[in-house]
Amino acid sequence: MAKEITSRQENYSQWYNDIVNKADLAENSPVRGCMVIKPHGYSIWEKMQGVLDRMFKDTGHTNAYFPLFIPKSFFSKEASHVEGFAKECAVVTHYRLTTDEDGKEIIVDKNARLDEELIVRPTSETIIWHTYKGWIQSYRDLPILVNQWANIVRWEMRTRLFLRTAEFLWQEGHTAHATKEEALEETRRMIDVYADFAENWMAMPVLKGTKTDAERFAGAIQTYTIEALMQDGKALQSGTSHFLGQNFAKAFDVKFTDQSGTLDYVWATSWGVSTRLMGALIMAHSDDNGLVVPPKLAPTQVVIVPIYKKDAQLDEISAKAHEIKDQLQQKGITVKYDDRDTQTPGWKFSEYEMKGVPLRLAIGPRDIQNATLEIARRDTLEKEIISQEGVADHIEQLLADIQKGIYEKALRFREENTYYVDDYEEFKQIMSEKGGFVWAHWDGTEETELKIKEETKATIRLVPVEENPEPGKCIYSGKPSKQRVVFARAY
RNA sequence: CGGGAUGUAGCUCAGUCCGGUUAGAGUACGUGUCUGGGGGACACGGGGUCGCGAGUUCGAAUCUCGCCAUCCCGACCA
């Protein structure tokens, strides 16, 4: 097989790009930083959406939709929120085009300037809290548990497909509560949902914890995060859940009357995951042969490829293939029988390997004769000849094995790349040479955090939530530390 | 916005320094034959405002000037 994909060792970034390209996930668009998500990439995203949506519904949430455009004035209301996003907002200033004097070029009509400029949403807290003001009067109106699936725009300088794009797809939950405790509980519940999704569906182990002041979401009191370790030793923030306190309620004057008749501001949360999860999925499992998709998120779990010379053989093979396909579908397994005669079997093998289809069956004349099948696992690249007898049960088991196997492989990788370090020189060495998660003591100051970032490019990915934290001395300043925090270089 | 580079076939690029037939290769695409258990072989074929605009010249992908676009490195970030 011709090597179409750069190896991870040779050039990790190029490997990532090659996977996105060769697995037909996405491509760049004429607008810098924006991407076209291709059918195969979108199919995986749809699977993720489906599972997450179910999880949100199961935890009591309902979907709604809020507008893409936000009046500029809304952004002046929550100061730290504005500061956080001001530098990456796309702004709509005009509403009409016209032709220039020569009538040749399309230009913006200067006479069609908007009275109030509109911000393309970088996130929807402001428009949503403006709206919630009208929805909330009494404790009887609470809680509000709303989610929306939407696209948002953050004008990023350096972009990479899925990992950081100017426009991306995501979901954002926005909830309103009568008490602080309830909002905090919601914040933690949703980070648990994300962790559950990451581990049990994406087969990607994650660390859970809170963000430091410096890394926190603009406008939040507390941010919970899940962080995964990618194969190059860099961390990827994969989902966040924010406790917003009463910040947005105060900014948008959202008050409610509680049972005792007292007027108080509403408590808020917001939480989201994005198409960045696609990037996480790619870098968590894929190898030098292409994408590896966990069976539970694979749009096609099993592909059947016929191998034949004469049409008469194909008829017989197709009959058997359809029989197996039916058996698998009855078990809820998604199957594709690829009997196109426009591509050779070898071509198809490579294609599905690069696209990460978990299992591949090949049926040829030999198999018809011997009542066998060739089955190939994408995760281990193992091939074996199996009997047609009981194939559906066998495949069902294999899919479960693959799901488990790739999780364990990712977990092993994380464990092998996790260090407990008490010496700053060693810390620096690990960060520059191999990366990974480093658990180290920190004195809790932003000053120290910043110095470490400057000197090592590593940031505090999270502060673990631990029942009995182990105190120690800050790795940088030597000052007292309450507990170890997790450092890594990050995407 | 600073520093570096590049624009030639759908894609990746050679040709540019040193101007000179009809502008090339690989790949992709089309047709046919042989093939078919890991991106098959051969034959034939289609496809180009050489980024745009001026200039120099008998002659410009190649030299000069201007413009445009893109990519990479830095500051920002889910």
Side-chain angles (χ1 to χ4, degrees), chain A residues 1-6 11 13-14 17-18 21-22 27-33 83-89 122-123 151-160 162-172 194 211 214-218 220 223 225-228 235-242 270-280 289-290 304-311 313-314 317 339-355 360-370 372-376 378 381 383-385 453-454 457 459 461 490-491:
Chain A
M1 187 186 113
K3 270 287 169 204
E4 306 267 359
I5 297 168
T6 308
N11 183 342
S13 294
Q14 192 55 47
N17 293 339
D18 287 350
N21 178 234
K22 299 305 290 187
E27 61 188 45
N28 283 307
S29 80
V31 180
R32 180 190 155 76
E83 264 179 59
F85 287 106
K87 280 171 279 183
E88 47 187 31
C89 283
T123 178
N151 60 335
I152 60 174
V153 170
R154 295 180 188 174
W155 215 258
E156 299 289 351
M157 309 295 248
R158 305 242 322 101
T159 61
R160 294 195 68 193
F162 292 118
L163 294 174
R164 175 164 296 109
T165 47
E167 181 197 15
F168 57 95
L169 306 184
W170 78 343
Q171 59 68 217
E172 46 181 326
Y194 289 154
K211 285 292 187 188
E215 298 279 331
R216 188 171 302 148
F217 174 74
T223 289
T225 180
I226 52 169
E227 302 275 333
L236 185 74
Q237 179 173 310
S238 306
T240 47
S241 181
H242 315 291
S270 69
W271 29 272
V273 294
S274 71
T275 37
R276 182 179 238 201
L277 286 180
M278 293 288 294
N289 298 297
I304 305 173
V305 178
I307 293 150
Y308 61 98
K309 287 183 181 159
K310 304 185 199 97
D311 284 353
Q313 287 178 325
L314 178 62
I317 290 165
D339 61 351
R340 287 177 298 172
D341 63 359
T342 49
Q343 317 291 353
T344 62
W347 193 93
K348 293 175 187 173
F349 289 178
S350 297
E351 178 78 358
Y352 294 115
E353 190 164 290
M354 287 189 293
K355 286 189 169 183
R360 184 191 72 231
L361 292 178
I363 312 178
R366 289 207 297 268
D367 299 304
I368 294 296
Q369 194 149 37
N370 305 332
T372 55
L373 297 163
E374 182 193 84
I375 188 162
R378 177 60 188 88
L381 297 169
K383 278 198 293 201
E384 59 174 335
I385 306 293
K453 184 179 177 181
E454 277 170 20
K457 290 184 187 153
T459 51
R461 300 320 301 157
Y491 276 95

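A note on names: the letters A, B, ... follow the listed sequences, proteins ahead of strands, and every chain is numbered from 1. These figures come from a predicted structure and were not determined experimentally.
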**Prompt:** Of the nucleotides B:C76, B:G38, B:G37, which has the atom closest to the A:Ala376 side chain?
**Reply:** B:G38
**Message:** From the set B:G38, B:G37, B:A75, return the single nucleotide nearest to any side-chain atom of A:Ser350.
**Reply:** B:G38
For [X], report the nucleic acid contact type (base, sugar-phosphate, nothing); a contact means any heavy atom under 4.0 Å.
| X | answer |
| --- | --- |
| A:Phe217 | nothing |
| A:Thr240 | nothing |
| A:Glu156 | base |
| A:Lys383 | base |
| A:Tyr491 | nothing |

**Asked** Are A:Glu353 and A:Lys22 close enough, and set up right, to give a salt bridge (Lys or Arg N to Asp or Glu O under 4.0 Å), and what steps lead you there?
**Response** CA-CA 10 Å; A:Glu353 190 164 290; A:Lys22 299 305 290 187; over 6 Å; no
Between [X] ([atom1]) and [N] ([atom2]), how many Å, whole number?
| X | N | atom1 | atom2 | value |
| --- | --- | --- | --- | --- |
| A:Asp339 | B:G36 | CG | C1' | 15 Å |
| A:Ile385 | B:G37 | CD1 | P | 14 Å |
| A:Glu88 | B:A75 | CD | C1' | 13 Å |
| A:Leu373 | B:G37 | CG | P | 17 Å |
| A:Asn21 | B:U27 | CG | C1' | 13 Å |
| A:Arg154 | B:C76 | CZ | P | 17 Å |

**Asked** Mapping A:Gly364 and A:Gln237 to their closest nucleotides on RNA chain B, which lands nearer the 5' end?
**Response**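 So the residue in question is A:Gly364.
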**Item:** Side chains of A:Arg154 and A:Thr123 in contact at under 4.5 Å (non-hydrogen atoms)
**Value:**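 Contact flag for A:Arg154/A:Thr123 side chains = yes.
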**Message:** Could you tell me how far B:G26 sits from B:C44 if I compare only their P atoms? Round to whole Å.
**Reply:** 12 Å
**Message:** Taking 4.0 Å as the cut-off, does a side-chain nitrogen or oxygen of A:Lys309 come that near to OP1 or OP2 on B:G36?
**Reply:** yes
